[in-house]
Amino acid sequence: MNTTLTVPCPLDDPALQHLRNKARMIRLETIRLIEIAKVGHYSSVFSAAEIFAALYYRVMRLEHGNPHWADRDRFLMGKGHAAVGLFPILAEYGYIDRDTLDNYTRLGNPLGDHPDMTKVPGIDFSSGSIGHALSNGAGMALGGRLSQRDFHVFVMLGDGEMQEGQVWEAALFAGHNQLSRLIAIVDRNGYQLDGKVDDVMGVEPLADKWRAFGWDTIEINGHDLQAVVGTLEAVKRNTKRTKPVCIIARTIKGKGVTCMETEPGWHLGYLAPEDAQRAIAEIEQREI
């Protein structure tokens, strides 16, 4: 843990409950949309739901109804298969119509299993092939500096994505160029499509690797909204920082639905109607 970062407890009870409600909405809407598609990545969204909620409803600077505002904070997803959890947020921001959301993945609908920036307002980068998002985020951060724009760039990466060589090329580039407005968030849920990340190809010591590439590195509990918000807001406030920042968020894949937390096969799947109702009931009743 980087002990030089002071992380206050920024959320009073109403603000904390608001973000918990948004994380719950993200999980519930994920189930609803995947019911339309008949297949999807539940557990990859559920591990990141608190991070989505913190970014979009507290930390990032955005304008409702204006996805093309030049000074908006940017958000890119390396783990683009979790886009089904992002689309409901874009609908709440007025970037896409509710009817578009309700017809997720249907013929002619712009919303698919992965996000497409040419079709979906509010998507800053088209992702699907793992490993490319950090390179694009670094380019955006450098472009913002050169054009004297006032925005931050957030890039969410999967921990299995740490096995991609392009991630480390981008990390080296960002550290060398001191892209201090670039913030990577690694969803360290421990699993990828083929099983446990560290069984497929070990990535630890992950924090030390990012530090060696010239990044300030912080490790947090990715489901603790106080820690997530406090860390992200402290990073944004620190205008004296010269390095990019990597936040390693320790999470549980499938968090919020017990059967998914203990079964890695839910990386991609479909809940039968009766199972979906049980999952919905647990999400509605459970405090993360």
Side-chain angles (χ1 to χ4, degrees), residues 1-12 15-16 19 48 50-63 69-78 124-125 133-157 159 161-162 166-188 205-251:
M1 176 85 180
N2 185 339
T3 57
T4 63
L5 179 70
T6 301
V7 181
C9 292
L11 301 173
D12 57 22
L16 180 60
L19 293 183
E50 281 71 36
I51 300 169
F52 280 141
L55 284 170
Y56 275 87
Y57 296 103
R58 176 79 183 202
V59 175
M60 290 175 61
R61 189 171 64 166
L62 302 166
E63 284 188 351
W69 178 37
D71 284 324
R72 73 190 183 283
D73 285 342
R74 272 64 167 171
F75 178 69
L76 299 83
M77 289 205 308
D124 289 313
F125 175 62
L134 190 62
S135 295
N136 284 270
M140 290 179 186
L142 181 59
R145 176 197 291 170
L146 294 174
S147 59
Q148 298 183 340
R149 290 289 184 186
D150 185 23
F151 61 78
H152 287 78
V153 181
F154 297 88
V155 182
M156 180 185 288
L157 306 166
D159 49 356
E161 194 171 357
M162 300 298 95
Q166 187 172 336
V167 170
W168 298 106
E169 292 180 47
L172 189 64
F173 175 88
H176 175 78
N177 286 283
Q178 298 186 322
L179 300 180
S180 60
R181 289 187 167 236
L182 177 62
I183 302 157
I185 304 168
V186 179
D187 182 6
R188 185 67 167 114
L206 192 55
D208 289 343
K209 289 174 182 174
W210 283 93
R211 292 188 185 105
F213 277 68
W215 292 58
D216 286 334
T217 306
I218 306 154
E219 298 184 74
I220 63 170
N221 178 344
H223 298 299
D224 181 344
L225 280 163
Q226 293 282 13
V228 175
V229 170
T231 299
L232 289 168
E233 290 192 337
V235 166
K236 284 195 74 174
R237 283 196 305 270
N238 185 0
T239 58
K240 296 181 180 179
R241 191 185 66 255
T242 60
K243 296 180 179 180
V245 175
C246 177
I247 298 170
I248 299 173
R250 303 281 175 175
T251 63

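Hydrogens, waters and symmetry mates play no part in the numbers below; they use all other heavy atoms, side chains included. Predicted model, so just to flag it, every value in this text is computed and none were measured.
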Peer 1: The criterion is side chain to side chain donor-acceptor pair (under 3.5 Å); which residues satisfy it with His223, sequence neighbours excluded?
Peer 2: Glu50
Peer 1: Have a look at Ile220 and tell me which of Ile248, Leu232, Val228, Thr251 forms a side chain to side chain contact (heavy atoms under 4.5 Å, CB included) with it.
Peer 2: Val228
Peer 1: Could you report the tightest heavy-atom contact between Ala174 and Trp215, atom names first, then the distance?
Peer 2: CB-CZ2, 3.5 Å
Peer 1: Mind listing the side-chain donor-acceptor pairs of residues 240-247 below 3.5 Å, one per line with the distance, residues two or more places apart or on another chain?
Peer 2:
unit_1, atom_1, unit_2, atom_2, d
Arg241, NE, Lys243, O, 2.9
Arg241, NH1, Val235, O, 2.7
Arg241, NH2, Ser180, O, 2.1

Peer 1: Decide yes or no for Phe75 and Leu62: does some side-chain heavy atom of the first lie under 4.5 Å from some side-chain heavy atom of the second?
Peer 2: no
Peer 1: Give me the atom names and distance for the closest heavy-atom approach of Leu179 to Ala138.
Peer 2: CD1-O, 3.5 Å
Peer 1: Scan for salt bridge (Lys or Arg N to Asp or Glu O under 4.0 Å) pairs involving residues 221-235, sequence neighbours excluded, and state none if there are none.
Peer 2: Arg58-Glu233
Peer 1: For Leu182 and Ala141, which heavy atoms make the closest approach, and how far apart are they?
Peer 2: CB-CB, 4.1 Å
Peer 1: Roughly how far, to the nearest 0.5 Å, is CZ of Arg237 from OG1 of Thr239?
Peer 2: 11.0 Å
Peer 1: Closest approach of Ala54 and Leu225, non-hydrogen atoms and distance?
Peer 2: CB-CD2, 4.4 Å
Peer 1: Taking only residues two or more places apart in sequence or in another chain, which ones pass side chain to side chain contact (heavy atoms under 4.5 Å, CB included) with Ala170?
Peer 2: Leu134, Ser135
Peer 1: At what distance, to the nearest 0.5 angstrom, does CG of Asp159 lie from CG of Leu206?
Peer 2: 8.0 Å
Peer 1: Step by step, would you call Trp168 with Trp210 a side-chain contact (heavy atoms from CB on, under 4.5 Å)?
Peer 2: CA-CA 9 Å; Trp168 298 106; Trp210 283 93; 3.5 Å; yes
Peer 1: Run the side chain to side chain contact (heavy atoms under 4.5 Å, CB included) test against Asp73 and tell me which residues pass, sequence neighbours left out.
Peer 2: Met60, Arg61, Phe151, His152, Phe154, Lys236
Peer 1: Closest heavy-atom contact between Ala184 and Leu157?
Peer 2: CB-CD1, 4.2 Å
Peer 1: Output all residues satisfying side chain to side chain contact (heavy atoms under 4.5 Å, CB included) with Leu172, sequence neighbours left out; order by chain, then residue number.
Peer 2: Phe213
Peer 1: Return the CD to OG1 distance between Gln226 and Thr231, rounded to the nearest 0.5 Å.
Peer 2: 10.5 Å
Peer 1: Please determine whether side-chain contact (heavy atoms from CB on, under 4.5 Å) holds for the pair Leu55 and Ile185, giving the CA-CA distance in whole Å, both sets of side-chain angles, and the decisive distance to 0.1 Å.
Peer 2: CA-CA 11 Å; Leu55 284 170; Ile185 304 168; 4.0 Å; yes
Peer 1: Among Arg72, Arg181, Arg145, which residue meets the salt bridge (Lys or Arg N to Asp or Glu O under 4.0 Å) test with Asp150?
Peer 2: Arg181
Peer 1: Can you name the nearest heavy-atom pair linking Gly222 to Ile51, along with the distance?
Peer 2: O-CG1, 4.0 Å
Peer 1: Are the side chains of Glu219 and Arg250 in touch, meaning some heavy atoms are under 4.5 Å apart?
Peer 2: yes
Peer 1: What distance separates Asn136 CG from Arg74 CZ, expressed to the nearest 0.5 Å?
Peer 2: 13.0 Å
